[in-house]
Amino acid sequence: MQVETLRQRLRALGARPVHEQHLLRLWTRALPLDTTTVRRPEHWLPAEVRAALPGLQAEIAALARLRSAHPGADGSVRLLVDLNDGQAVESVLLPRGGVCVSTQVGCAVGCVFCMTGRSGLLRQVGSAEIVAQVALARAQRDVKRVVFMGMGEPSHNLDNVLEAIQLLGTAGGIGHKELVFSTVGDERAFERLPTLDVKPALALSLHTTDAELRERLLPRAPRIAPDALVEAAERYARLTGYPVQFQWTLIEGVNDSDAELAGIERLLKGKYAMMNLIPYNSVAELPYRRPDGERAAEMARWLNRRGILTRLRNSAGQDVDGGCGQLRARALGGETAVAVHRRRPAQDLPAPAATAATNTPQESAC
């Protein structure tokens, strides 16, 4: 279901704009649709809308249902969420009032280090299903920040994601800069985001400053050079007044070299941005490993000393083996993905190290 479909159904029942907005406000804030602090529903809602509310509430509740919750020692909770058609996605309740939501079932980008990418793209998540993940999170704890960093690439489901952002930033009461649109970089997103009434903050998954290595790490991402990605993100940051958050998944022996540090300094020096270094959340089925904790801390210190605002973060739920896509993969096994063809063959990556480090960074991100 899309948000617009829900709006149309309410209008067909005789709801006026004030009724529609009030009901959407209740839903996005995880309140029953028959709640009111002023008058009872029968005193202000049209009769047809009142009659349809029980069925509508049940249908909305079925958009995103909690299958299982996996609390982490860091205060995060990884959620496996069932959708109405039997598919499932992952959401994450983050420390300090955040939630990370999924925008696709699977993903077509095929990042070689990501469990979600192994399944390919199964289907898009509708805008109402995206909002329903937020409502599900709000039913469990206070949510003030929504990051679109779960399963999927938001720019590949742009209409649904932007419709969800518009609703969450208005009726949902989430501050615009607390809505974080994450992307590997896509010209369509860079074109559309500046035109929105609700302009979210931008997180750009960079992972490397080496264009050839990036093509191998993200085999089906748009072929945009890292310097061009940084410039496009910088224009958006200056327009909105929100610094870009660059995401860098640190993989031992792949993108944790001194050459990469120099590349980051070259690209981000003087930019309205911050760098998030996120040591890799190891996946048993994949050969990649997180770097030594001291190496990760050293990289953050080196960049900060050179004027690149850098935070060392941690993928939430390390202790529950819950890197994005792992819960779903364990629960559901192998569905058939939508066929997406590579633009060019992947080349060999640097050989990953064989063992995982035990040190843990300080902060948490999805």
Are [X] and [Y] within salt-bridge range, i.e. N to O under 4.0 Å?
X	Y	result
R238	E234	yes
D258	R295	yes
E163	R7	no
E153	R220	no
R192	D159	yes
R11	E4	yes

Minimum side-chain heavy-atom gap [X]-[Y] below 4.5 Å:
X	Y	value
V184	R214	yes
I264	W248	yes
V81	E90	no
V125	M151	no
S155	F148	no
L45	L53	yes
P226	T208	no

C107 versus T116, closest heavy-atom pair with distance
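In this case the closest contact between C107 and T116 is CB-CG2, 3.9 Å.
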Looking only at atom types and distance, does a side-chain atom of [X] sit under 3.5 Å from a main-chain N or O of [Y], one as donor and one as acceptor?
X	Y	result
N157	T103	yes
E20	L6	no
K269	R266	no
S102	Q104	no

Could you give me the CA-CA distance, side-chain angles and deciding distance for D256 and I251, then say whether side chain to side chain contact (heavy atoms under 4.5 Å, CB included) is met?
CA-CA 6 Å; D256 61 347; I251 307 173; over 6 Å; no
Scan side-chain atoms only and decide if S76 and D74 contain a donor-acceptor pair under the 3.5 Å cut-off.
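Yes.
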L303 and side-chain contact (heavy atoms from CB on, under 4.5 Å): which single residue from L312, I308, L268, L309 fits?
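The passing option is I308.
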Show your reasoning for whether side chain to side chain contact (heavy atoms under 4.5 Å, CB included) applies to Q133 and V99.
CA-CA 9 Å; Q133 292 174 67; V99 63; over 6 Å; no
Could you list the residues that satisfy side-chain hydrogen bond (donor to acceptor under 3.5 Å, both in side chains) with E187, not counting sequence neighbours?
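Not a single residue meets the side-chain hydrogen bond (donor to acceptor under 3.5 Å, both in side chains) criterion with E187.
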